[in-house]
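The structure under discussion appears below in the form of structure tokens.
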Amino acid sequence: MDNERLSLPQYDIPQDIQNAVTVTTLDRLYNWGRRSSVWPLMFGLACCAIEMIVAQTARYDMARFGMEVMRPTPRQADLMLVSGTVTKKMVPAVVRLYNQMPEPKYVVAMGACASSGGPFKEGYNVVAGIDKFLPVDVYIPGCPPTPQALIAGMIKLQEKIDRESLKNVRWYRKGPDTVEVPVPILGPDLIDPRRNAEIKATTSAQEG
């Protein structure tokens with residue numbers, strides 16, 4: 001974000017001191033720092049991960065956006081890039097990683113598989129989109145999306161961060177500062193604990 005976007009437009013700063021003085025709000029300053037220091041979690045699921053790796057090379061230079069520091073531990077990451085096919089066997093691990101990430105944290109569904117299941121949507125072992133379990137902030141279309149598409153998605157995430165306010169974000173409200181997602185149970189099929197009441201009601205109706 002340049003100085004013009006950080007400054008509030010309704011204040012007319014003299015030309016000779018525009019590069020030395022900025023009149024802004026706490027929200028803008030806070031978000032300006034966060035948008036330029038997003039640390040993605042270093043993991044990939046399938047072929048989209050190859051494009052994610054390519055986007056980190058010198059040709060595309062993700063360091064321009066402050067997103068080149070990929071962390072191998074979820075406790076030091078604030079962005080989960082779900083890059084590839086999400087199988088039912090893998091979902092419990094992905095949700096567990098998400099729960100270990102500190103707030104504020106974001107999720108990007110990279111590619112058709114992470115967004116909706118892609119060409120494997122009707123498969124018995126594939127989840128039709130990670131948004132069935134995690135709150136997704138940005139969807140990136142493609143199979144797989146190009147590095148340019150990933151960068152465009154990251155810019156959209158930055159724009160979302162720009163619009164957040166300290167008065168409204170969950171992690172500064174009273175009560176729990178994060179929402180833990182119940183880890184799915186992998187048995188004969190994948191069971192979402194959030195649907196336990198619905199499953200019990202259906203079973204009781206069938207038995208009755």
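Everything quoted here is computed from the prediction, not taken from an experiment.
Partner of L150 under the side-chain contact (heavy atoms from CB on, under 4.5 Å) criterion, chosen from Q56, M67, M52: M52.
Between R28 atom CZ and N31 atom CG the span is 10.0 Å, to the nearest 0.5 Å. To the nearest 0.5 Å, atoms CG (L186) and CD1 (I191) are separated by 9.0 Å. The CZ atom of F65 sits 10.5 Å away from the OG atom of S36 when rounded to the nearest 0.5 Å. The distance from the CD atom of E164 to the OH atom of Y172 is 11.0 Å, given to the nearest 0.5 Å. Considering NZ of K167 and CG of L26, their distance stands at 10.5 Å, rounded to 0.5 Å. For the atom pair CD1 (I53) and CE (M70), the distance works out to 8.0 Å, reported to the nearest 0.5 Å.
Between Y98 and P74 the shortest side-chain heavy-atom distance does not fall below 4.5 Å. You'll find the side chain of C48 stays beyond 4.5 Å of the side chain of C143, heavy atoms only. A 4.5 Å side-chain heavy-atom check between P184 and D192 finds every atom pair outside the cut-off. Side chains of V38 and M154 form no contact here, defined as non-hydrogen atoms less than 4.5 Å apart. Using a 4.5 Å heavy-atom threshold, the side chains of S115 and P141 count as separate. Contact of the Y106 side chain with the I161 side chain is registered, since non-hydrogen atoms from C-beta on lie closer than 4.5 Å. Between L29 and W32 the shortest side-chain heavy-atom distance falls below 4.5 Å. Residues L190 and I185 form no side-chain contact, since every pair of their non-hydrogen atoms from C-beta on lies 4.5 Å or further apart.
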Result block: side-chain N/O donor-acceptor pairs under 3.5 angstrom for residues 76-96, not counting sequence neighbours:
{"unit_1": "Q76", "atom_1": "OE1", "unit_2": "R71", "atom_2": "NE", "d": "3.1"}
{"unit_1": "Q76", "atom_1": "OE1", "unit_2": "R71", "atom_2": "NH2", "d": "2.4"}
{"unit_1": "D78", "atom_1": "OD1", "unit_2": "W39", "atom_2": "N", "d": "2.8"}
{"unit_1": "T87", "atom_1": "OG1", "unit_2": "M90", "atom_2": "N", "d": "3.3"}
{"unit_1": "K88", "atom_1": "NZ", "unit_2": "Y124", "atom_2": "O", "d": "2.9"}
{"unit_1": "K88", "atom_1": "NZ", "unit_2": "D189", "atom_2": "OD1", "d": "2.9"}

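Under a hydrophobic clustering in which Ile, Leu, Val, Met, Phe, Trp and Tyr are joined whenever their side-chain heavy atoms come within less than 4.5 Å, directly or via other members, F120 and F133 fall into different clusters. A continuous path of Ile, Leu, Val, Met, Phe, Trp and Tyr side chains, each step under 4.5 Å between heavy atoms, connects L45 with V107, placing both in one hydrophobic cluster. No continuous path of hydrophobic side-chain contacts links F43 to I50 [ILVMFWY only; heavy atoms under 4.5 Å]. Residue L97 is grouped with residue V127 when hydrophobic side chains (ILVMFWY) are merged at heavy-atom distances under 4.5 angstrom, including chains of intermediate members. Hydrophobic clustering (side-chain heavy atoms under 4.5 Å, transitive across Ile, Leu, Val, Met, Phe, Trp, Tyr) groups M42 together with V108.
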Verdict with reasoning, V181 to R194, per side-chain contact (heavy atoms from CB on, under 4.5 Å): CA-CA 9 Å; V181 179; R194 294 173 296 185; 4.1 Å; yes
Evaluation steps, side-chain contact (heavy atoms from CB on, under 4.5 Å), between R75 and M101: CA-CA 5 Å; R75 294 171 181 85; M101 293 168 60; over 6 Å; no
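Using modelled atom types, one side-chain atom of Q158 and one backbone atom of R35 make a donor-acceptor pair closer than 3.5 Å.
Scanning both residues, P147 and E51, for their nearest heavy atoms gives CD-OE1, 3.1 Å. The two residues A149 and I140 make their nearest non-hydrogen contact at O-CG2, 3.8 Å. Across M110 and A114, no two heavy atoms sit closer than the pair O-CB, 3.6 Å.
For E122, the side chain to side chain donor-acceptor pair (under 3.5 Å) test picks out no residue, with sequence neighbours left out.
Within a 6.0 Å radius of CZ in R64, other residues, nucleotides and ligands contribute more than 12 heavy atoms.
Residue pairs meeting the side chain to side chain donor-acceptor pair (under 3.5 Å) criterion with at least one partner in residues 129-155, sequence neighbours excluded, are D131-Y139, D137-K160, T146-Q148.
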